[in-house]
Amino acid sequence: MKDYNPSKIEPKWQKEWEKHDLFSAPDDATIENKMYILPQLPYPSGSGLHVGHAEVYTACDIYARYQRMLGKKVLQVIGWDSFGLPAENYAIKNNVHPKISTNKAINNFREQIKSLGISVDWGREVGAHNPDYYKWTQWFFLLMYKRGLAYRKEQSVNWCEGCKTVLANEQVVDGKCERCDTVVEQKKMEQWFLKITDYADRLANDLDKVDWPEETKSRQRQWIGRSEGAEISFDVVNVQDVQNVENAVKEQAKRYNKRSDTTIGTIKVFTTRPDTLFGATYLVLSPEHLLVQSSEFPAFCGVNSANRKEIDEYINKTKKKTELDRQTEKEKTGVELKGVKAINPATGEEISVWMADYVLATYGTGSIMAVPAHDQRDFEFAKKFNLGIKEVVSGNNDEGAFSGEGKAVNSDFLNGLETAEAKEKMINWLEEKGVGKRKTQYKLRDWSVSRQRFWGAPIPMVFNKDRKNKKYEYIFIHGYGGDGDSNYFPKLKRDLMALGHKVIAFDLPDTEEPNICRQMEFLLDNIEFSENTVILAHSLGGAVAMKLLEHENKKVAKVIFSDCFFEPKFVDTARPAVEASCDWNFDFEKLKTLADEYVVISDSNCPIIPREHSEDFAKRLNARIVFAHANGPHFMSLDEPVFLEEALVSGLMPVKFSDLPVKLPDDVDFRPTGQSPLTYSEDFQKNVEEKYGRGWKREMDTLDTFMCSSWYYYRYLDPKNDKEFASEKALKKWMPVDFYLGGEEHVNGHLLYSRFFTKVLFDAGYIDFDEPFLKHRHQGLILGEDSRKMSKRWGNVINPTDVVNEFGADTLRMYEMFMGPLEQTKPWSTDGVRGLRRFLDRVWNLYKKVNSDDGLKADYEATLHKTVKKVGEDLENLRFNTAIAKMMELVNEFSKADEIRHKDFELFLKILFPFAPHIAEELWSKLGNKKFLSLAGWPEYDEAKTVDSKITVVAQINGKVRASFEFDAGISEQEVIKIVLENEVIKKWLDGKEPKKIIYVEGKLVSIVV
RNA sequence: GCCGAAGUGGCGAAAUUGGUAUACGCACCUGCCUUAGGAGCAGGCGGAGCAAUCCAUGAGGGUUCGAGUCCCUCCUUCGGCACCA
């Protein structure tokens, strides 16, 4: 009887399917009939496939096979997240090149996956470590750079001087290095970041568009952490300079009317509770606050301040702390900046300024206004340092701070208002007085993508230190109606001069009705171009600048355009004279060669120059485009922080497209030194100067591997394309992903990054959708038999290949799907696996009962049709466990029958097929079928046959079941009630009482109330 | 501390979404067949009771003819975030 032999039939059918190429994605897919099923990209680890992988691939495969049977054109693919640290660590230890160990691991994975009978299109397999893949990872980085979304910045990291390396927070134990016990310090390093924060709002809002688990969505929302409130400026006065509080208040009052443009002496804070401003009794700066880093700091905190030393000590002490320490040590510490006082703009009172590490540098402005009466942290701090606590919201305040909502008190014009109203009123007041503004803050931080590692995609940038360090001559060209001191010019000028650059900002002639040519001529007469020239043009000045460049025909270092236009587009009214003052014909091809670097800065909300125009402009110049959130429309504000950053010559340049991929060299020393291993490769820098000029070198860090996995689902669509990351045609045909199955651990990493990448592609015009994964689910974790996480440490790891060898792939597939709901965490049970093998053995033996006689009585018929119906519904909803349970019921009935009709057994094989394709295909062929079961359609069931001829109705009296009845289906309500009431048991329970109410639920129950 | 999810037999879990709680599987028990069984087949299996019946979905309350399912309070477990102003 035991002739079911999976080790024989499974490889046989896998070969057959592959030979007949059944699972390649069909070419004739259209947006209506396509079905893109995506199992999450695995990291090909040396220890091989895990049962968790098998769960993901099986679930996707069942769904894919089902969809094919429904007639969908299915795309299902697997690839490899093959860059990453484990391979590199292995390389250091065993002196094997990661490429070799990785390829070996991939070959192993591929064989293991194939042995599960997963129906993927192997012709589209991709690996993140292959140059033809990471070429496009690098291209994505450049896309980010060109759109102003990639920038280089210094940031603190955990640093171990012993190992000379950056440590992740998890590698720091008790403030010491996990390996060598050296005290870990905070070190600033230059790192590349992606500006994911620019997309925070859309990333949060668009979650409404997708079918994802609610939990996942809310975790992402929480991670993005949107908070609404206000940014408030506090003027700071130097204690030595002010006689008394009265003077300070007078000073403050003057500033309400016309605030000076001096930012020194102002501390900005972010608060979600502007309504409590009257209760702000002191300010707190984080120890890393920018002000503390700046050259004005000694003056700021009072040159003669008695506690200057104390402050420095506090800063140094904080530097030694790790992030971890700061999180765990909840005891408040801090130090007062005794040289200064701040003015509360609402009360006009002088309040003290402190520095404390309970304030985070990386959130908001890095400084806060403390309202100890209504914030627990401020309360603790105030208690410790004996600072004033002033109640401004009425509410329970017995112990600690009351941070709830209530009526405002002690707050002048806010008194009596509820919190929400008070917030609004305060924000309006702040804006009116010019001391604050409405502000939305996010917890989300920009994404750090630099890794000082070898086994990743090299960052495709070149740099030139000399260019960065040179002094430049800036020429500012103002716009229509402006002058050399308009808008952001004065502050930028001062900032640039402070850095040692020269700045010329002329007042151009005829500014009320500008003549572009004449303005250009004026400039020609007054300036001289050189390779050290940087031109910054605003608005109409952009046209002047371009004419100037064309005319002069000399290369300059950099040109920056802020909200400029290359066609005469005046939104309010036509200005024929201005329009006619030049021909508006620009030779962009020539212009491209006249500056090393072009930047277009666009105010993303500008009413005068729309974003699209700036996009177009940047494209023509091959410029980097930066979308800034301007402080004033069309950059009319004095303080536009983006400009200093963008005006400087960075000494950075993206590599040319023809230089992609920037390949990883082979001559690499992996030893950890804290420098990227690429630093020591000669090959890596070969020919770079020939390509880019003297002094240029390649970036030596590599990209975070999350960048590789942020776009892989696009590469599957067109994996061999060497002109684009994917063709427009392929993108249109297959995207977005219809079903994505992956781990819950990636919610705030991979899933967020992928959405970010997709939105950037959308904005750049490559795609016409802005969410990559329409439907997403997580597989549940599979625990060991001891209900602990599978790990070598516990010795409870189950290797799927062992299970395949002992029981067969079909058994493994069915068992993993039967364990419980797909999304749930559940423990392994080898006995459970045996149960499923037993089931398949029984299925196998049913074959012997198959008879073609149509005259057979089929007692199982209702169950058969109900099962087809239920399995179809369950597959739609990914409820594989209950689908299998239903099939088991059917098989139990089949087992009881003497014979099974041929067509009925075929029907069953069709619904079994997605789950256990090998045995189903084998039995199908044994039944005499010549065509593959894989190519069969999904069966229909007969609705009429799913209806039972007999129904069971129970009778309840006052909610308790007292009797059960069998009726013919279709019996009327009156009849049922009549029979029920005549029943002896019911009569006994009624005890002669008259029913008050009788409820009949069709075909189910009669409920009698007495 | 904050946010979220979940608590049903000895175990994994079902329950048409308010209508016979425990489908299906595992483990266990009994029997048959066997030289043998970690095989197969037949049957049993929430608890108490000889039985009628009673009690059971983390605990307590509520709504309802009727609650595992809806509402309130609490407990436990597991995840996530964590000085985010």
Need to verify one output field. Residue with the more 5' nearest nucleotide on RNA chain B, A:S829 or A:R834?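 On the 5' side of the pair lies A:S829.
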
Taking for each residue the nucleotide of RNA chain B with the nearest heavy atom, is it A:R445 or A:V954 whose nucleotide lies nearer the 5' end? A:V954

Exceeds 12 heavy-atom contacts within 6.0 angstrom, atom CD of A:E966: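 Buried by this count: over 12 neighbours within 6.0 Å.
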
Would you find more than 12 non-hydrogen atoms of other residues, nucleotides or ligands less than 6.0 Å from A:K317 atom NZ? no

What's touching nucleotides 12-17 of chain B from the protein side, N or O pairs under 3.5 Å?
residue, atom, partner, partner atom, Å
B:G12, O2', A:M819, O, 2.5
B:A13, OP1, A:Q824, OE1, 2.9
B:A14, OP1, A:N881, ND2, 2.8
B:U16, N3, A:K1004, NZ, 3.3

Ring-ring centroid check A:F880 A:F818, cutoff 6.0 Å: no

Tell me if the centroids of the rings in A:W354 and A:F381 come within less than 6.0 Å of each other.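 Judged by ring-centre distance (under 6.0 Å), A:W354 and A:F381 do meet the cut-off.
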
Run the salt-bridge test on [X] and [Y] with the 4.0 Å N-O cut-off and return the result as yes or no.
| X | Y | value |
| --- | --- | --- |
| A:E380 | A:K332 | yes |
| A:R221 | A:D208 | yes |
| A:E943 | A:K945 | no |
| A:K950 | A:D968 | yes |
| A:D841 | A:R838 | no |

Rounded distance (Å) that lies between atom [atom2] of [N] and atom [atom1] of [X]:
| X | N | atom1 | atom2 | value |
| --- | --- | --- | --- | --- |
| A:R842 | B:C41 | CZ | C1' | 10 Å |
| A:R838 | B:G25 | CZ | P | 10 Å |
| A:K217 | B:G4 | NZ | C1' | 15 Å |
| A:E745 | B:G4 | CD | P | 22 Å |
| A:F965 | B:U20 | CZ | P | 16 Å |
| A:R837 | B:G40 | CZ | C1' | 14 Å |
| A:H778 | B:A6 | NE2 | P | 14 Å |
| A:K896 | B:G43 | NZ | C1' | 11 Å |

Protein-nucleotides 61-70 of chain B N/O pairs under 3.5 Å:
residue, atom, partner, partner atom, Å
B:C65, O2, A:S1007, OG, 2.6

When you check the phosphate oxygens OP1 and OP2 of B:A85, does a side-chain N or O of A:S227 lie under 4.0 Å from one of them?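 So the side chain of A:S227 is within the cut-off, an N or O lying under 4.0 Å from OP1 or OP2 of B:A85.
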
Using a heavy-atom cut-off of under 4.0 Å over every strand shown, decide if [X] touches base, sugar-phosphate, or nothing.
| X | value |
| --- | --- |
| A:G225 | nothing |
| A:N892 | sugar-phosphate |
| A:Q222 | base |
| A:T271 | sugar-phosphate |

RNA chain B base-pair string [pairs: Watson-Crick or G-U under 3.5 Å; |: paired with another strand]: (((((((..(((......[....))).(((((.......))))).(((....)))..(((((..]....))))))))))))....

Got a sec, which pairs hit side chain to side chain donor-acceptor pair (under 3.5 Å) with one end in residues 874-885 of chain A, sequence neighbours left out? A:Y66-A:E876, A:K870-A:D874, A:D874-A:R879, A:D874-A:T882

Under-3.5 Å N/O pairs linking protein and nucleotides 31-34 of chain B:
none

Using a distance-only criterion (donor-acceptor N/O pair, under 3.5 Å, no hydrogens), is the base of B:C24 paired with the side chain of A:K886?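 Donor-acceptor pair under 3.5 Å: no.
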
Could you list the protein-to-nucleotides 49-54 of chain B atom pairs, N/O on both sides, closer than 3.5 Å?
residue, atom, partner, partner atom, Å
B:C54, OP1, A:R962, NH1, 3.2
B:C54, OP1, A:R962, NH2, 3.3
B:C54, OP2, A:R962, NH1, 3.3

